[in-house]
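Written below as structure tokens is the structure these notes are about.
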Amino acid sequence: LGPASGDALHLPWQDARVEVTAEGATADRPAAFAVHYVARRACPHLVHISILGTPLPNSPWQVQVVPGTPAARFSALRLAPGHAVAVAGQAAMLLLRLRDAEGNPIVSAHDDSPLESVRVHAEAGSDDGVDASVHVQHAGNDTWHVAVTQFRAGTTRVAAYVSGERLHEPPTEVVVEPGPTHPPECVVAGADAQDEPAVRVGVHTSVVLHTRDRFGNRRTQGGDVVTASVVPEISSPAPPRVSDAGNGSYRVAFVPRAVGEIVLRLRVNGEPAGASPHLVTVHPGAADASKSTATGKGLVGLIIHELGSFVVQARDSDGNPLRKGGALVDVLIGGGAARVMDLRDQGNGTYHCSFLAFVPGYFEIHVRMGGLHIVGSPFHIPVLDEHAPPGPLALPLPLGGGRAAADDAHAASVRSADGSPSDNVVALALAAGAAV
């Protein structure tokens, strides 16, 4: 049964919305029924009309339903198959599918296609403000290709617009990974860097080579062939050892054996790394008492009541002189025959000591570094009386009566007849029974 005159009968169909209205008969025209048909699905439709269950002679009618105007609300932007991860400097491909307000794909098979007037564009960028280049091209029917190229590794977000309206879905995220390793862009961190401890001779040292792509993005995967060498070769007893951390970093370890500047040459996949050659300044090792020395006229001899002095040179285990202070040096004089007047760290690896003797004869000076005696310590120091009789030489001997054991050698300061010091040192090898 149709609706009463002036009323509407709504028929809920899945793919269309149908409304039937009736208009009663009058003297000059028969009753009329108006069928309003609004399709939701873009495809061929068959419209059946029957009265009291009997189809009309020309029923059904075929209606070709085409998509409506593209709507941003129902359009979608997705990564193209195989483009889940992009590479820096290479285009990532996304597919924009246009849909109308009912979700129908937009096609261009008919003459009045809505694609003739649609405008599509896209924007891309990352959280740190890095923009990416975007190219949009129609690929046919409802599909548009959106090519995004970014040179900085990270995550970029792509938003699409249809006729000026942004898609109602969140921006599509594209993960951009670093490109292949580019040796000229590789950098070194570690040895001799300002934020790293000083490189010491004889101590295991390492630098870290960070590989990067041609755009400066740090690589996150290993597998490159990294080789290293030290110049001069005598600077390291063994070739540097390279280990792959698996994250784009490579540790180069070596043991320097000479103080000074050495050159570390690095190659990546057969090409010189951008950080090569890398200059490394090798400093002396820790102070070693068994290699440290003392020099000065005060260790040869002096006259009582005259100030004597000497300098301690701190050295490492390889005998290299230290260039910085800070070592624990102490000087002790036994017997009360003399006293240390001053002991000063000169800040350059040397330590100046001055002392004063009060009685003639011999006394011992104990020079220690870190609680251990340095080379030659304790030192036997001869002291002359300022009133000693004049003579060609005045050589005090440590043994009573001026006698020495066979083959016993003694060092003494050489003085002129008036008692003034001389720079010469005499080493006496006295046989048994000899006298001076």
| field | Verdict with supporting geometry, Val226 and Asp244, side-chain contact (heavy atoms from CB on, under 4.5 Å) | value | CA-CA 9 Å; Val226 178; Asp244 187 346; over 6 Å; no
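- With hydrogens and angles disregarded, no donor-acceptor distance shorter than 3.5 Å links the side chain of Glu173 to the backbone of Thr155.
- Arg344 and Ser354 form no side-chain donor-acceptor contact under 3.5 Å, judged by distance and modelled atom types alone.
- Interatomic distance, CE of Met341 versus OG of Ser309, reported as 12.5 Å (0.5 Å rounding).
- A side-chain N or O of Ser249 and one of His210 form a donor-acceptor pair less than 3.5 Å apart.
- The side chain to side chain donor-acceptor pair (under 3.5 Å) test applied to His305 returns no partner, not counting sequence neighbours.
- Residue pairs meeting the side-chain hydrogen bond (donor to acceptor under 3.5 Å, both in side chains) criterion with at least one partner in residues 24-33, sequence neighbours excluded, are Glu23-Arg29, Thr26-Asp28.
- Side-chain atoms of Asn269 come within 3.5 Å of backbone atoms of Val225 as a donor-acceptor pair (strictly under, hydrogens ignored).
- Arg157 CZ: more than 12 foreign heavy atoms inside a 6.0 Å radius.
- In this structure, the side chain of Asn104 does not engage the main chain of Val66 through any donor-acceptor pair within 3.5 Å.
- Side-chain atoms of Thr143 and Arg97 form a donor-acceptor pair, as typed in the model, at a separation below 3.5 Å.
- Ion pairing of Glu185 with Arg219 is absent here, as no side-chain N (NZ or NE/NH1/NH2) approaches a carboxylate O to less than 4.0 Å.
- With respect to the salt-bridge test (charged N to carboxylate O, under 4.0 angstrom), the residues Asp316 and Lys291 do not qualify.
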